[in-house]
S.K.: 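For reference, the structure I am asking about is given below.
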Amino acid sequence: MKIVIANDSHFKYAEIICETIAESAKVRGTGIAKRTPEYIQKRLHNGNAIIALDGDKFAGFCYIEVWGHEKFVANSGLIVHPDYRNQGLAKQIKKEIFALSRSKFPNAKIFGITTGLAVMKMNYELGYKPVTFSELTTDPEFWKGCQTCKNFDILTRTEQKMCLCTGMLYDPETKAKETKSEPKEKLNSKAFQRLKSIKESLFLNKKTK
Ligand SMILES: CC(C)(COP(=O)(O)OP(=O)(O)OC[C@H]1O[C@@H](n2cnc3c(N)ncnc32)[C@H](O)[C@@H]1OP(=O)(O)O)[C@@H](O)C(=O)NCCC(=O)NCCS
């Protein structure tokens, strides 16, 4: 498996990346910001993406988006092809895209919004903390991305204060102040699953377990 910084030679994978992201969202029944192959190609061209290839076969992907004049960057669109899941590939891609973000944008806060427990776990281990949406970028272009998500009405109803996604943030300044001797914590998965089901019952009229 090769995990590399993507470039123009990977343009041919843009289509399968978009298809795999859309297909997986359908299977999970969750909302997702839809991306076109042209949008993905821009990230490949800028060297703002990581791609995993098994020989010539597409295995996984993630890209960097820059918001608020480089004050914030997001690691978005994480996808592992179903044939390569549960082998630690997402974790490796996340590590690489995080390292790329830190080296290209050392002063930026790194954030993401997600409903996925796997992503929350990985972010947490990289040093992200769960935060309210008010601590994330106010760049309207970022929030416009949510318009293609099927839960967009919730974000509108709450005046962008909350949605089914949880916001997570890595703040390099706060991180620098923390001591290195702190024990590495694991995400409390149960608490997050509970929070998600409470939000679903509030916003989607689903019954909580
Ligand atoms: C989520 C996804 C990227 C995980 O890829 P993967 O290569 O199978 O993940 P890894 O094997 O590296 O696992 C990383 C961690 O997530 C956990 N994990 C993986 N899939 C999970 C799931 N469906 N639910 C909960 N945790 C999960 C693993 O147990 C592991 O945690 P651990 O280190 O505590 O054991 C992949 O399933 C995928 O592409 N899904 C569809 C797209 C998606 O959901 N993207 C996230 C957008 S929010």
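One-based numbering, in listed order, for ligands and for the atoms of each. When a residue number appears, it is its place in the shown sequence, counting from 1.
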S.K.: For atom CG of D8, decide whether the heavy atoms of other residues, nucleotides or ligands shown that lie under 6.0 angstrom number more than 12.
M.R.: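 Enclosed: over 12 neighbouring heavy atoms sit under 6.0 Å from CG of D8.
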S.K.: Would you mind checking which non-hydrogen protein atom is closest to atom 33 (O) of ligand 1, with the distance to 0.1 Å?
M.R.: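 In this structure, atom 33 (O) of ligand 1 has K91 NZ, 2.5 Å as its nearest protein heavy atom.
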S.K.: Report the nearest protein non-hydrogen atom to atom 28 (C) of ligand 1: residue, atom name, distance rounded to 0.1 Å.
M.R.: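 The answer is K121 NZ, 4.4 Å.
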S.K.: Does atom 40 (N) of ligand 1 have a protein heavy-atom neighbour under 4.0 Å away?
M.R.: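 Looking at atom 40 (N) of ligand 1, one finds that a protein heavy atom does lie closer than 4.0 Å.
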S.K.: Looking only at distances, please establish whether an N/O atom of ligand 1 is found under 3.5 Å from an N/O atom of G88.
M.R.: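 Among all N and O atoms of G88, at least one is under 3.5 Å from an N or O of ligand 1.
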S.K.: Okay, side chain of K199, backbone of M162: is any donor-acceptor separation there less than 3.5 Å?
M.R.: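 Between the backbone of M162 and the side chain of K199 there is no qualifying donor-acceptor contact (under 3.5 Å).
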S.K.: Can you confirm whether I3 is buried at CD1, in the sense that more than 12 heavy atoms of other residues, nucleotides or ligands lie under 6.0 Å from that atom?
M.R.: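 Enclosed: over 12 neighbouring heavy atoms sit under 6.0 Å from CD1 of I3.
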S.K.: Please write down residue, atom name and distance for the protein heavy atom closest to atom 46 (C) of ligand 1.
M.R.: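 Heavy-atom neighbour on the protein nearest atom 46 (C) of ligand 1: V119 CG2, 3.5 Å.
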S.K.: Between Y84 and ligand 1, is there a nitrogen or oxygen pair with a distance under 3.5 Å?
M.R.: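 For ligand 1, there is no N or O atom that lies under 3.5 Å from one belonging to Y84.
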S.K.: In the protein, what heavy atom is nearest to atom 42 (C) of ligand 1, and what distance, to one decimal place, separates them?
M.R.: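 Sorting protein heavy atoms by distance from atom 42 (C) of ligand 1 puts I79 CD1, 3.6 Å first.
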S.K.: Using a strict cut-off of less than 4.0 Å between a Lys/Arg side-chain nitrogen and an Asp/Glu carboxylate oxygen, indicate whether K91 and E125 qualify as a salt bridge.
M.R.: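 A salt bridge is present here (some side-chain N lies under 4.0 Å from a carboxylate O).
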S.K.: Side chain, backbone, both or neither: which applies to Q92 and ligand 1 if a contact is any heavy-atom pair less than 4.0 Å apart?
M.R.: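 Near ligand 1, Q92 shows nothing, with every heavy atom at 4.0 Å or more.
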S.K.: Atom 19 (C) of ligand 1: which protein heavy atom is closest, and how many Å away?
M.R.: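 Protein heavy atom with the smallest distance to atom 19 (C) of ligand 1: A118 CB, 3.7 Å.
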S.K.: Does Y128 have its ring centroid less than 6.0 Å away from the ring centroid of F111?
M.R.: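 No, too far apart.
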S.K.: For the side-chain hydrogen bond (donor to acceptor under 3.5 Å, both in side chains) test, which of K104, K42, R43 pairs with N48?
M.R.: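 Between N48 and the candidates, side-chain hydrogen bond (donor to acceptor under 3.5 Å, both in side chains) is satisfied uniquely by K104.
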S.K.: Considering heavy atoms of the protein only, find what lies nearest to atom 44 (O) of ligand 1 and give residue, atom and distance to 0.1 Å.
M.R.: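 That would be R28 CZ, 3.1 Å.
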S.K.: Return yes if some donor-acceptor pair links the side-chain N/O of N151 with the main-chain N/O of I154 below 3.5 Å, else return no.
M.R.: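 Flag not set: sc N151 to bb I154 has no pair under 3.5 Å.
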S.K.: Between R194 and S189, do the side chains contain an N or O donor and an N or O acceptor separated by less than 3.5 Å?
M.R.: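 S189 and R194 do not have a side-chain donor-acceptor pair below 3.5 Å.
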S.K.: Heavy-atom distance under 4.5 Å between the side chains of K121 and F192, does that happen here?
M.R.: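 They are not in side-chain contact.
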S.K.: Quiz question for you: does at least one protein heavy atom lie closer than 4.0 Å to atom 30 (C) of ligand 1?
M.R.: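 It does not; no protein heavy atom is within 4.0 Å.
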S.K.: Atom 13 (O) of ligand 1: protein heavy atom closer than 4.0 Å?
M.R.: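 No, there is none.
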S.K.: Using a 3.5 Å cut-off on N or O atoms only, is A90 in polar contact with ligand 1?
M.R.: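 Yes - when backbone and side-chain N and O of A90 are compared with those of ligand 1, one distance drops under 3.5 Å.
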S.K.: So, regarding S24 and ligand 1 (criterion: nitrogen or oxygen to nitrogen or oxygen, under 3.5 Å), is there a contact or not?
M.R.: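 No, there is no polar N/O contact under 3.5 Å.
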S.K.: With heavy-atom distances below 4.0 Å as the criterion, list the atoms of ligand 1 near T114.
M.R.: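 Near T114, the atoms of ligand 1 are 48 (S).
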S.K.: Could any protein non-hydrogen atom be found less than 4.0 Å from atom 48 (S) of ligand 1?
M.R.: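 When distances to the protein are checked, atom 48 (S) of ligand 1 has a heavy atom within 4.0 Å.
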S.K.: At what distance is the nearest protein heavy atom to atom 45 (N) of ligand 1, and which residue and atom is it?
M.R.: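 Looking at atom 45 (N) of ligand 1, the protein heavy atom closest to it is L78 O, 3.1 Å.
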S.K.: Just checking, any donor-acceptor pair under 3.5 angstrom between side chains of Y13 and Q41?
M.R.: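 Judged by distance alone, the side chains do not pair up.
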S.K.: At what distance is the nearest protein heavy atom to atom 36 (C) of ligand 1, and which residue and atom is it?
M.R.: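 Protein heavy atom with the smallest distance to atom 36 (C) of ligand 1: R85 NE, 3.5 Å.
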S.K.: Is the shortest heavy-atom distance from the side chain of M120 to the side chain of T166 under 4.5 Å?
M.R.: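 Counting from C-beta outward, M120 and T166 do come under 4.5 Å.
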